[in-house]
Undergrad: 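Sharing a structure here in structure tokens format.
A note on names: the letters A, B, ... follow the listed sequences, proteins ahead of strands, and every chain is numbered from 1.
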Number of protein chains: 2
Amino acid sequence: MSQTVDRALSILPLLAGGPADLGQVADRLGVHKSTALRLLRTLHAHGLVHRQPDQRYRLGARLFALAQEAVENLDVRGIAHPHLVELNERCGHTVHLAVHEENEVLYIDKVDSRYPVRMYSRIGKPVAITVAAVAKLLLADLPEPERRALAGKLDYPRYTSRSTPDAAAFLAELATVREQGWAADLGGHEESINCVAAPVRGADGRVVAAMSVSAPNVVVTAEELLGLLPLVRRTADAISRELSGTASPGHEPAP
Amino acid sequence: MSQTVDRALSILPLLAGGPADLGQVADRLGVHKSTALRLLRTLHAHGLVHRQPDQRYRLGARLFALAQEAVENLDVRGIAHPHLVELNERCGHTVHLAVHEENEVLYIDKVDSRYPVRMYSRIGKPVAITVAAVAKLLLADLPEPERRALAGKLDYPRYTSRSTPDAAAFLAELATVREQGWAADLGGHEESINCVAAPVRGADGRVVAAMSVSAPNVVVTAEELLGLLPLVRRTADAISRELSGTASPGHEPAP
DNA sequence: ACGAGTGTTGCAGAGAATGCAACGCGATCT
DNA sequence: AGATCGCGTTGCATTCTCTGCAACACTCGT
């Protein structure tokens, strides 16, 4: 809605791919060099882009600071974190917390596995929306029309043979997930990695976040991982209660 | 240099403090509501701002993604990371990597302590520039006029009784650090926390990053921490060599 | 049911951003 | 060395875009 700002902001993703000089920015924006220069200057003044010694531009420091402040201001995260840590201590696997925003699902917190295995996830990165267990939970809670509209717009990459193939299968899976109140991803993203996930609900019962435990086949089988489901669901419920203000924070409810 | 973009970007730090509605944004920007609305819409279209269910605005998801991509494109970080992990495994303490940018020093990587202690640092957050060991190293390498100019512009908060009190003391400290090639912070930021740091240099010998090991008094004394200095320096040097392309990546040089 | 407080839209004026052309500067090539 | 190319930078006139206003739509709370 604002051409100038629109152009300026288009520079950021452009620079995310790597540093670029003035000419490249101008070309890819389709504007004159002097225009690009002034936009870059403004971005620079706000610290969003940084000028390297070789005069090329790249994304700047303020961007990190902003992202950090943003993520810390999410109340779900603050409340959930100790629970994630506790869950990790009990089962040892990687624990993720994700939210849904603007047709993307992204991790906002992560506690790493105690086993020496690498997982390709990072806080802030959009997840594989068609296969991830947390994504299914978050999307399954959308009103039906939105769900259908979204499912139609998505791509369905075949990460593995067990990836969700198309919109119809995805909607069916969402219906199941919605029904049972939890979700799993058994090798749908990476062949050897399984996840189980449970929803975190706000005071109004709507799903505001989803939490998952992930582990590779080499550590535990899918069956063993599914055995953790009760624990995962209990943890998610505890977060939900605390989020709604109806629970004692920090302590388990008396048995 | 561009009023419209300038105003739009001013919204971001404003929103970093927490969600705000249209009226608040307009007021704090000093513009008409309709203007603020259009700016917010543009930011929204780029995913930098997100609209909550209650219609208030807060920072959006794309911001994380951008910050992530940006940090991953820093070659220092990618090269240094395995070294930081290795250092952490050897000594067990928290390891930081920081760079200097636009009169700020900020952490771009961190490996957490294996001891159960909290440290108030986060990737992307500007560090206490007048006291942190990594900051001293990075600033000590600046050309003398820049160093003096910067020292004059800084604030010198008295975090503790051992914080750097003023510009003169800071410049003196920088001179020492520059001379000896390493730096320490003994309780200058938080009374009970000490750090030792060493510089990472690029091919031209200039300091491009700084690495530190931090630990609280309750775990190791300042003397013991200083005993780790040779190890820290060796690690920093290894990163420097790899960064300059003059070393075997991943392996220690043969003895 | 009413009013206050929001967010939202069309419009005309004004101010700001744009592209052009020229300049300075450094690196490269002959 | 001299010349040339490439790049970033600046002043300026034109034009387009952004701005603020005022009126409208809408949701709450009373």
Undergrad: Under 4.0 Å, heavy atoms only, any strand: does B/S2 hit a base, just the sugar-phosphate, or nothing?
TA: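 Sugar-phosphate: the residue B/S2, judged by heavy atoms under 4.0 Å, touches backbone atoms but no base.
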
Undergrad: For a quick check of understanding: with a heavy-atom distance under 4.0 Å over all strands, which category does A/R56 fall into, base, sugar-phosphate or nothing?
TA: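 No contact.
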
Undergrad: Can you tell me the distance, in whole Å, between the OH atom of A/Y57 and the P atom of D/dC7?
TA: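 Rounding to the nearest Å, OH of A/Y57 and P of D/dC7 are 14 Å apart.
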
Undergrad: With a 4.0 Å cut-off on N to O distance, would you call A/R77 and A/D109 a salt bridge?
TA: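 Result for this pair is yes, salt bridge flagged.
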
Undergrad: To the nearest Å, give me how far apart CZ (B/R7) and C1' (D/dT19) are.
TA: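 Going from CZ in B/R7 over to C1' in D/dT19 covers 8 Å.
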
Undergrad: Please check if the number of heavy atoms outside B/R28 that lie under 6.0 Å from its CZ is greater than 12.
TA: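 At most 12 heavy atoms, drawn from other residues, nucleotides or ligands, come within 6.0 Å of this atom.
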
Undergrad: What I'd like to find out is whether the side chain of A/L139 reaches to under 4.5 Å of the side chain of A/I129, using heavy atoms alone.
TA: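 Heavy-atom side-chain distance check passes, below 4.5 Å.
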
Undergrad: Between B/D54 (CG) and D/dC28 (C1'), how many Å, whole number?
TA: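 After rounding, the gap between these two atoms is 14 Å.
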
Undergrad: Grab the CE-C1' distance between B/M1 and D/dT9 for me, whole Å please.
TA: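 My rounded result for the distance is 12 Å.
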
Undergrad: In whole angstroms, how far is the C1' atom of D/dT14 from the NE2 atom of A/H32?
TA: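 Rounding to the nearest Å, NE2 of A/H32 and C1' of D/dT14 are 15 Å apart.
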
Undergrad: Taking C-beta and beyond as the side chain, do B/T4 and A/T42 meet within less than 4.5 Å on heavy atoms?
TA: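 SC-SC contact between B/T4 and A/T42 ruled out.
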
Undergrad: Less than 4.5 Å apart, side chain to side chain, heavy atoms only: is that true for B/V49 and B/R58?
TA: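 Sidechains of B/R58 and B/V49: no contact.
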
Undergrad: Nearest heavy atom decides the nucleotide; on that basis, is B/G23 or A/T4 closer to the 5' end of DNA chain C?
TA: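 The residue whose closest nucleotide sits nearer the 5' end is B/G23.
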
Undergrad: Kindly calculate the angle separating the two end axes of the helix from C/dA1-D/dT30 to C/dT30-D/dA1, each obtained from five base pairs, and round it to 10 degrees.
TA: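 The end axes of the helix from C/dA1-D/dT30 to C/dT30-D/dA1 are about 40° apart, to the nearest 10°.
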
Undergrad: Would you call the rings of B/Y107 and B/H96 parallel, tilted or perpendicular if under 30° counts as parallel and over 60° as perpendicular?
TA: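 The arrangement is parallel - the two ring planes meet at less than 30°.
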
Undergrad: In whole Å, what is the span from the CG atom of A/D21 to the P atom of D/dG6?
TA: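 Rounded to the whole Å, the gap is 13 Å.
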
Undergrad: Between B/G30 and A/L22, just flag the one whose closest nucleotide in DNA chain D comes earlier from the 5' side.
TA: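 Final value for this comparison: A/L22.
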
Undergrad: 5' to 3' on DNA chain C, which nucleotides open and close the contacts with chain B (atom under 4.0 Å from a heavy atom)?
TA: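 Range of nucleotides touched by chain B: C/dG7 to C/dA17.
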
Undergrad: With a cut-off of 6.0 Å (strictly less than), are more than 12 heavy atoms of other residues, nucleotides or ligands near CD of A/E179?
TA: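 No.
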
Undergrad: Starting from P on D/dT9, measure out to NZ on A/K33 and report it in whole angstrom.
TA: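 Atom NZ in A/K33 sits about 10 Å away from atom P in D/dT9.
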
Undergrad: Nearest to the A/R38 side chain among D/dT17, D/dG11, D/dT19, which nucleotide is it?
TA: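 Of the options given, the side chain of A/R38 lies nearest D/dG11.
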
Undergrad: Assess the side chains of A/H100 and A/D141: does a donor N or O sit below 3.5 Å from an acceptor N or O?
TA: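 No.
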
Undergrad: Could you pick out which residue, B/S34 or A/L37, lies toward the 5' side of DNA chain D when each is mapped onto its nearest nucleotide?
TA: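 Looking at DNA chain D, the more 5' nearest nucleotide goes with A/L37.
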
Undergrad: Please give, in whole Å, the distance from D/dG6 P to A/D27 CG?
TA: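 Value for this atom pair: 13 Å.
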
Undergrad: Counting C-beta onward and ignoring hydrogens, is there a side-chain heavy-atom pair between B/E173 and B/K136 closer than 4.5 Å?
TA: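 In contact.
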
